[in-house]
Amino acid sequence: MVKRARLIYNPTSGREEMKKRLPEVLQRLERGGFETSAHATIGEGDATLAAAEAVNRGFDLIIAAGGDGTLCEVVNGMAEKEGRPPLGILPLGTTNDFARALGIPKNLEQACDLIIQQYSTDIDVGKINNRYFINIAGGGSMTELTYEVPSKLKTMIGQLAYYMKGLEKLPRLKPIELYVKAGDLEFHDEVMMFLVGNTNSVGGFEKLVPEARMNDGLFDVLILRKCNLAEFIRVVTLALRGEHLNDPNLIYFQTNHIEINSPDYVQLNLDGEFGGTLPCVMTNLKSHLQIIVDESGQSIYKKTLIETLTTPFQLKERIGDDEHDGHHPHQPRE
Ligand SMILES: Nc1ncnc2c1ncn2[C@@H]1O[C@H](COP(=O)(O)OP(=O)(O)OP(=O)(O)O)[C@@H](O)[C@H]1O
């Protein structure tokens with residue numbers, strides 16, 4: 001049976017690859033058994049509307065083609081919908097943190113072939129106020145640089161654009177006052193930044209929140225206390241090597257619910273894009289979204305999916321026949 005897929009792509013993502021290669025991608029998906037129609041996004045928020053519409057129209061699969069921003073918008077369009085289909089990813093952005101965490105190939109043909117294989121698994125989604133994220137939320141020093149870099153510069157020099165912006169901002173680091181509540185933990189202090197990870201893939205690095213797994217029902221929270229520039233550089237250098245977790249400047253814990261507030265004006269970064277301001281309440285929605293992975297569910301970082309859920313099941317058996325045989329859409333078949 002031919003399945004219907006909806007490809008939602010950002011023509012401006014990364015190096016604008018999708019603009020040039022759309023016919024080839026549609027053909028490849030078609031040959032793989034997916035009758036695919038495409039929607040090119042026209043600006044901020046459009047991918048959310050397109051994804052919500054795709055769920056309403058009953059597509060068997062939604063494919064997000066673009067960077068983390070586009071992916072986050074698509075997730076926002078799907079997250080509250082009943083009967084949402086699985087989500088496939090063609091990573092065409094600049095950093096593609098989430099796709100990297102899952103081990104989805106950057107090569108477009110290979111990423112299409114992975115979708116065609118039709119294996120999926122359930123992952124957690126972060127709810128923050130009335131929005132959603134799947135990779136990372138953060139605020140404070142340096143977290144804002146991902147959405148401050150002009151897209152033209154990203155198209156020209158890729159990820160290097162983020163590092164240049166980071167260096168430019170370094171001398172102007174400012175602490176923020178933060179109130180944090182997570183279960184029994186209550187914390188009030190001046191801090192440089194906070195990160196709440198659903199995965200361990202942040203800005204092209206995988207060791208900042210090293211224990212974050214996208215299917216454990218938990219966020220990994222990293223808070224860097226107020227420090228001077230020399231200390232900041234020292235801790236960040238340690239963090240990039242994954243040697244920071246015992247540093248006295250850092251707080252690291254796991255939780256499925258966290259409330260963060262501040263008397264300061266603090267912008268939130270959601271999956272690399274501007275996502276409103278504090279205060280916020282975040283809840284981990286366990287196994288909320290079905291996502292396409294490779295057959296083994298193995299990621300290049302090996303540990304981004306915890307063991308028990310790394311056995312994906314075939315969509316082939318699932319799409320379209322859940323209603324007929326009473327099989328629950330989120331349970332693998334025996
Ligand atoms: N047609 C368009 N023109 C300009 N901007 C767009 C258009 N369509 C979508 N956008 C915006 O572009 C933003 C960034 O895109 P996206 O995240 O896909 O690429 P990227 O920034 O290059 O990659 P990454 O987030 O992985 O670094 C999206 O959040 C979206 O709001």
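Both ligands and their constituent atoms are indexed starting at 1 by order of listing. In this text the structure is predicted, and so the values were computed from the model without any measurement.
Of all atoms in ligand 1, listed by their number and element, those nearer than 4.0 Å to a heavy atom of Gly69 are 17 (O), 25 (O), 29 (O). Residue contact check: Glu44 has heavy atoms under 4.0 Å from atoms 31 (O) of ligand 1. Near Thr41, meaning under 4.0 Å from any of its heavy atoms, are these atoms of ligand 1: 1 (N), 2 (C), 7 (C), 8 (N), 9 (C). Ligand-side atoms of ligand 1 in range of Thr70: 15 (O), 16 (P), 17 (O), 18 (O), range being under 4.0 angstrom from any heavy atom. Close approach to Asn96 involves these atoms of ligand 1, each under 4.0 Å from a residue heavy atom: 26 (O). In summary, the atoms of ligand 1 found under 4.0 Å from a heavy atom of Glu273, numbered by their order in the structure, are 14 (C), 17 (O), 29 (O).
Only the backbone of Ile42 comes within 4.0 Å of ligand 1, judged by heavy-atom distances. When non-hydrogen atoms are compared, ligand 1 lies under 4.0 Å from the backbone of Thr94 as well as from its side chain.
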For this session: Show your reasoning for whether salt bridge (Lys or Arg N to Asp or Glu O under 4.0 Å) applies to Arg213 and Glu211.
Result: CA-CA 6 Å; Arg213 306 286 174 263; Glu211 303 303 323; 3.6 Å; yes

Exercise. Could you walk me through whether Arg28 and Glu109 pass the side-chain contact (heavy atoms from CB on, under 4.5 Å) check?
Worked result: CA-CA 8 Å; Arg28 203 172 184 97; Glu109 288 94 357; 3.5 Å; yes

Exercise. Yes or no on side-chain hydrogen bond (donor to acceptor under 3.5 Å, both in side chains) for Tyr132 and Glu80, after CA distance, side-chain angles and deciding distance?
Worked result: CA-CA 9 Å; Tyr132 299 87; Glu80 289 186 3; 2.6 Å; yes

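An N or O contact shorter than 3.5 Å is missing between Gly93 and ligand 1 by distance. At under 3.5 Å, not a single nitrogen or oxygen of Asp271, backbone or side chain, sits near a nitrogen or oxygen of ligand 1. Checking only distances, Asn10 does come within under 3.5 Å of ligand 1, N or O to N or O.
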Do any side-chain atoms of residues 217-231 form donor-acceptor pairs under 3.5 angstrom with protein atoms, and if so which ones, sequence neighbours left out?
| unit_1 | atom_1 | unit_2 | atom_2 | d |
| --- | --- | --- | --- | --- |
| Asp220 | OD1 | Gln254 | NE2 | 3.0 |
| Asp220 | OD2 | Ala212 | N | 3.1 |
| Asp220 | OD2 | Tyr252 | OH | 2.6 |
| Asp220 | OD2 | Gln254 | NE2 | 3.2 |
| Arg225 | NH1 | Asp189 | OD2 | 3.0 |
| Lys226 | NZ | Glu190 | OE1 | 3.3 |
| Asn228 | OD1 | Ala230 | N | 3.3 |
| Asn228 | OD1 | Glu231 | N | 2.8 |
| Glu231 | OE1 | Arg234 | NH2 | 3.1 |
| Glu231 | OE1 | Asn249 | ND2 | 2.7 |
| Glu231 | OE2 | Arg234 | NE | 3.0 |

Exercise answer: donor-acceptor pairs, residues 48-56 side-chain atoms, under 3.5 Å, sequence neighbours excluded:
| unit_1 | atom_1 | unit_2 | atom_2 | d |
| --- | --- | --- | --- | --- |
| Thr48 | OG1 | Glu73 | O | 2.8 |
| Glu53 | OE2 | Arg57 | NH1 | 3.3 |
| Asn56 | OD1 | Lys81 | NZ | 3.0 |

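By the criterion of side-chain heavy atoms lying less than 4.5 angstrom apart, applied directly or through intervening Ile, Leu, Val, Met, Phe, Trp or Tyr residues, Ile260 is not grouped with Met193; the two fall into different hydrophobic clusters. At a threshold of 4.5 Å between side-chain heavy atoms, the hydrophobic network of Ile, Leu, Val, Met, Phe, Trp and Tyr places Met214 and Phe253 in two separate groups.
Of all the listed residues (Ile8, Leu71, Thr12, Asp46), Thr12 holds the heavy atom that lies closest to atom 5 (N) of ligand 1.
Side-chain atoms of Asp271 never come within 3.5 Å of backbone atoms of Gly69 as a donor-acceptor pair (strictly under, hydrogens ignored).
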